Amino acid sequence: MKLQLDEYAYLNTPLHRWDPRYKLISFMVLIFAFSFVHSLYLLPGMVAVSGTLYIVSSLPLSFLLARLRLPGFFLLMMAVLLPFLSGQNALFYLGPLAVKQEGCLDLLLISVKFLCILTLVIILFGTTPFLTNIKAMRALGLSSILADMILFSYRYLYDIGDKLKTMETAMKLRGFLRRNLKSLGTLASLAGTILVRSYEQSDRVYKAMILRGYGQAGGTRSGPRRDEFQAYPRDLAGLLVLVFIAVAFVVAEICLR
Amino acid sequence: MNSKEPVLSVSNLSFSYPDRSLVLKDLNLIVWPGERVGIIGPNGAGKTTFFMLICGVLKTTSGEIRLFGKPVVPGEFHPEVGMVFQNPDDQLFCPSVRDDVAFGPRNLGLPEEEVEARVREAFAVTGMQELGDYPPHHLSGGQKRMAAIAGVLAMRPRLVIYDEPTSNLDIRYRRRLIHFLRGARETMLIASHDLEFILEVCDRVILIDEGRIVADAKPREVMGNAALMEAHGLERPHSLVPHAEPHHN
Amino acid sequence: MNSKEPVLSVSNLSFSYPDRSLVLKDLNLIVWPGERVGIIGPNGAGKTTFFMLICGVLKTTSGEIRLFGKPVVPGEFHPEVGMVFQNPDDQLFCPSVRDDVAFGPRNLGLPEEEVEARVREAFAVTGMQELGDYPPHHLSGGQKRMAAIAGVLAMRPRLVIYDEPTSNLDIRYRRRLIHFLRGARETMLIASHDLEFILEVCDRVILIDEGRIVADAKPREVMGNAALMEAHGLERPHSLVPHAEPHHN
Amino acid sequence: MHIPDGVLPTAVCLGGYATAGAATWFSLRKISQKENPREGIPKASLLTAAFLVASWIHIPVPPASVHLVLNGLLGVVLGYYAFPAILIGLFFQAVMFQHGGLTTLGVNATVMGVPALLAYYLFRLRNIFGKDNRVGTGLFAFLAGAGGIGLAAVTVFVLLVTTIPAHMDVEAERASIYALTLAHIPVMIIEGVFTAVLALFLQRVKPELLEGDS
Ligand SMILES: Nc1ncnc2c1ncn2[C@@H]1O[C@H](COP(=O)(O)OP(=O)(O)OP(=O)(O)O)[C@@H](O)[C@H]1O
Ligand SMILES: Nc1ncnc2c1ncn2[C@@H]1O[C@H](COP(=O)(O)OP(=O)(O)OP(=O)(O)O)[C@@H](O)[C@H]1O
Ligand SMILES: [Mg+2]
Ligand SMILES: [Mg+2]
């Protein structure tokens, strides 16, 4: 099973070198600023900002496009529904159905915002190894119970995904074809077996953890300390630039309303 | 034995994973009915990958694999071929051992009496009768392995593939497995790091290293050749070192 | 070697699981500093259970266990004792090998430079340097085992417990492990079905069957005794059968 | 099912984070009251990963196949761990598969997680029949599974239809909510049946897993 989220995290660009804590804050601020935008006039600006950042990140375009496939379905659904459902002013007619102006504009706004935010998320998680990002979140004060849960679940996601694949193979080799709803029972016991095995493994893992001092001197922290990250003035400068852009969008939006 | 058509014929087989190229390189191999072929080689040599290709779980990059004369079509189900996985946990997914053994025959669409009969037979061969109603995850490692084998045998495959069947088995279970395999009539492919086991069970051995077949001959010829074995990170099994006292009858 | 206090002393130890009584029956044992004790016995003999009791993961039903003179308190953490689990997957729970090796030293509350130094040292011993940034589940079986060992060694335990360290290892890795264990100075308990391995590494062997210690002596004495071994479902290792040609220097 | 980025107004997103934060706080408090929270972390993480993986199993519904959400089942099995588990599962889905979004993480977690908690309370009612009664377990598991996804679906539709098309009239809004909900009934039935079969499997093989709070 391959998720390859941080396939290109080894590249060396200003975005890759940026302290992950500052990068995380800056991108989250910018993402929320984008989600605040409602005015169509600001859309070109959003596209320009996220496009520039994507170019700076040196991530290949194919990486972005491959990641659009799944959410693309949602956009498609909106594209089918919105122009017909929303608004009063018909632009033109498709047979008996009126294609409405407001609906089309809604669609334009939603798709552009969606694409821009998606691009930012992909840059954020594509230019830093995933684990480093989680460590940065913890350094920024994410509850250590949640951070530990994220780290451990991430670790076991691959493991369990591989198990599932192997078990599906084993079933197929013994003639199991998922042809109809009757296979629901078998699939439920497949899912059940995955749960039971994970549960039993968690018991052994817990034992291994306490044997290595889990929950002792350092509390529940299993990962890095704050001093793992080191910030330089240029990290702060990057933060200020992106926050400035974000504020500009918010102010412009408020003025245009 | 060579009178009939080959069970398995592999010609010019190469295979790459998306992120790892040429795990198998230009393999050629013919297996005849009744042969018990041992496959040895270091970790990462490509043994499991080769088995997955034979079963049609993975798709060949180039070359061809034929089972019983017909080309293997990936994703298609081949009831003539059974596989015992490296990890028996991957193979036992029903709430009881009995259900698990019956799983294959039921998928073959057999009538319930026939399913019953197959289960009884597979239990008899592996000695699992008393454990039929246990949930598989309460079994010990050795019993799990035997349950997995019973599940495969109940389908009466003509070719059975065993991936590391002795790992985690104690010596008692290991001996029982040797006994049973030596008495079985199906064609077999067996991958194992347990060279003594291969020596006792197989009548032909293939040595794979870095995705290539390096040797293919009688077990004593391949494994007795200390120079060859050491060149591929292996060791000559102890029982092939000349002995003063005989210890197998 | 026997000059100092014992590393481990077990007296009249018995243990029952809630649903399985007397898995261990009245065990007595003393282990001295520097000893390498092999523990052999069939599946289900109680080896893993015994190890869990020593580590204080399970609570004794009766009897006492002392480590370095102090009684073991269940649930308490003993940094002097390290354990390598039967299945390395249970033990490699961090997202990268480096984090995993650093896990123990961090929990000891060591300063970050000291943690770094420990990690470097453990990597050097096991030869894992280049694999530090890999996620453990992308490693091969042998590498996983070595990573698990590195994680335990980084805590610098004075007693290390190995549960089936050679299962799933190919011969190359197995030889590396033998090499490393023969050079190590810690006291060790090693459970294994791989009798040749025990023979090469240990200087004392304990045979357990059905929760009792059946024999406790030098490896060649216990494992060379064909009658004893067979009485407990084991076999005399091949290398203890007299040979015409010497093959170990 | 998960709402992506850029669709909801910022106020709704922030509101979602607020409710999700409150629910997480509530769950973590319940957890620390009940048991050794250290012991719960590996268990909850492994099961979180397992649930995420289990939701990749595609169920054949001729002629297509669907993936299940399993939020009702998550409540049934994980009890108070369900909410943090869903939060983390959605985070992974958002950043790894672009399914859902980061701004909408709070909203999605609330929409999926609160029904999961309710499903947990609902499933506990099976104790009326006694813990070992298979009919009781099957029935309440069905209700928990179908109800969990049903409630989540209706909430999603209400959110989407009332917030996105700013220019839609009330009549059309109501009609489309009804239509989408009706279209979801087969999915509810499938989730319910799957949850019931799975709960019966667990009761037979590993009953501890169904006790959630123990
Ligand atoms: N899914 C995969 N994706 C990429 N590479 C893989 C994958 N599975 C295996 N490999 C690599 O392919 C090579 C062959 O693997 P394979 O599992 O076939 O070895 P093997 O001979 O079965 O080893 P072992 O003795 O450990 O079972 C190894 O180097 C392995 O790292
Ligand atoms: N959690 C448990 N609950 C009940 N019985 C158990 C449990 N764990 C082990 N047992 C039983 O206790 C006995 C001893 O098990 P143990 O795991 O100690 O054996 P072992 O000597 O390590 O075997 P192996 O060689 O297979 O590793 C076995 O009969 C086993 O079935
Ligand atoms: Mg293999
Ligand atoms: Mg054991």
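Keep in mind it's a predicted model, so treat the numbers as computed, not measured. Order of the sequence lines sets the chain letters (A, B, ...), proteins ahead of strands, with each chain counted from 1.
Tested against A/Met149 for a side chain to side chain contact (heavy atoms under 4.5 Å, CB included), the candidates D/Ile88, D/Leu87, D/Leu46 yield a single pass: D/Ile88.
Using modelled atom types and a 3.5 Å distance limit, the side chains of A/Ser35 and D/Thr10 yield a donor-acceptor pair.
Contacts of D/Val95 with chain A are made by both backbone and side-chain atoms, with heavy-atom separations under 4.5 Å. Looking at A/Val121, only its side chain comes within 4.5 Å of chain D, counting heavy atoms on both sides. Looking at D/Thr103, the atoms closer than 4.5 Å to chain A (heavy atoms on both sides) sit in the backbone and in the side chain alike. Looking at A/Gln201, both its backbone and its side chain come within 4.5 Å of chain D, counting heavy atoms on both sides. If you measure heavy-atom distances from A/Phe125 to chain D, the contacts under 4.5 Å come from the side chain alone. Proximity to chain D (any heavy atom under 4.5 Å) is restricted, for A/Ile122, to the side chain, taken from C-beta onward.
Residues D/Phe91 and A/Met137 are in side-chain contact: their nearest non-hydrogen atoms beyond the backbone lie under 4.5 Å apart. A 4.5 Å side-chain heavy-atom check between D/Thr24 and A/Leu146 finds at least one atom pair inside the cut-off. A/Leu184 places a side-chain heavy atom less than 4.5 Å from the side chain of D/Val193. D/Lys43 is not listed as a side-chain neighbour of A/Val205, based on a closest heavy-atom distance of 4.5 Å or more. For the pair D/Phe201/A/Thr193, a side-chain contact is recorded, criterion being any heavy-atom separation below 4.5 Å from C-beta on. Two residues are said to be in side-chain contact when any heavy atoms from C-beta on lie closer than 4.5 Å; D/Phe194 and A/Leu187 meet this criterion. Looking only at side-chain heavy atoms (C-beta outward), A/Ile194 and D/Phe51 stay at 4.5 Å or farther from each other. The shortest side-chain heavy-atom distance between D/Leu14 and A/Phe32 falls under the 4.5 Å cut-off.
Across all their heavy atoms, A/Ser198 and D/Leu47 have their closest contact at CB-CD2, 4.4 Å. Nearest heavy atom pair, residue D/Ala49 against residue A/Ser153, reads CB-O, 3.7 Å. Taking every heavy atom of both residues into account, A/Ala188 and D/Val197 meet most closely at CB-CG1, 3.6 Å.
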Full working for side-chain contact (heavy atoms from CB on, under 4.5 Å) between A/Leu195 and D/Lys206: CA-CA 10 Å; A/Leu195 293 184; D/Lys206 194 90 190 166; over 6 Å; no
Stepwise side-chain contact (heavy atoms from CB on, under 4.5 Å) check, D/Glu208 with A/Tyr199: CA-CA 10 Å; D/Glu208 303 98 286; A/Tyr199 180 82; 4.0 Å; yes
D/Asp5 vs A/Leu118, side-chain contact (heavy atoms from CB on, under 4.5 Å): CA-CA, chis, key distance, verdict: CA-CA 7 Å; D/Asp5 281 317; A/Leu118 190 74; 5.5 Å; no
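Below 30°, between 30° and 60°, or above 60°: for D/Phe92 and A/Phe130 the angle between ring planes is between 30° and 60°, a tilted geometry.
Highest contact tally toward chain D, considering only A/His38, A/Lys113, A/Met28, is held by A/Lys113 [criterion: heavy-atom pairs under 4.5 Å].
A distance of 9.5 Å separates CD1 in A/Ile160 from CG in D/Leu52, rounded to the nearest 0.5 Å. The CG atom of D/Leu102 lies 5.5 Å from the CD1 atom of A/Ile31; values are rounded to the nearest 0.5 Å. Atoms CG and OG, from D/Leu200 and A/Ser189 in turn, are 12.0 Å apart once rounded to the nearest 0.5 Å. Atoms CD and CD1, on D/Gln98 and A/Ile117 in that order, are 13.0 Å from each other to the nearest 0.5 Å.
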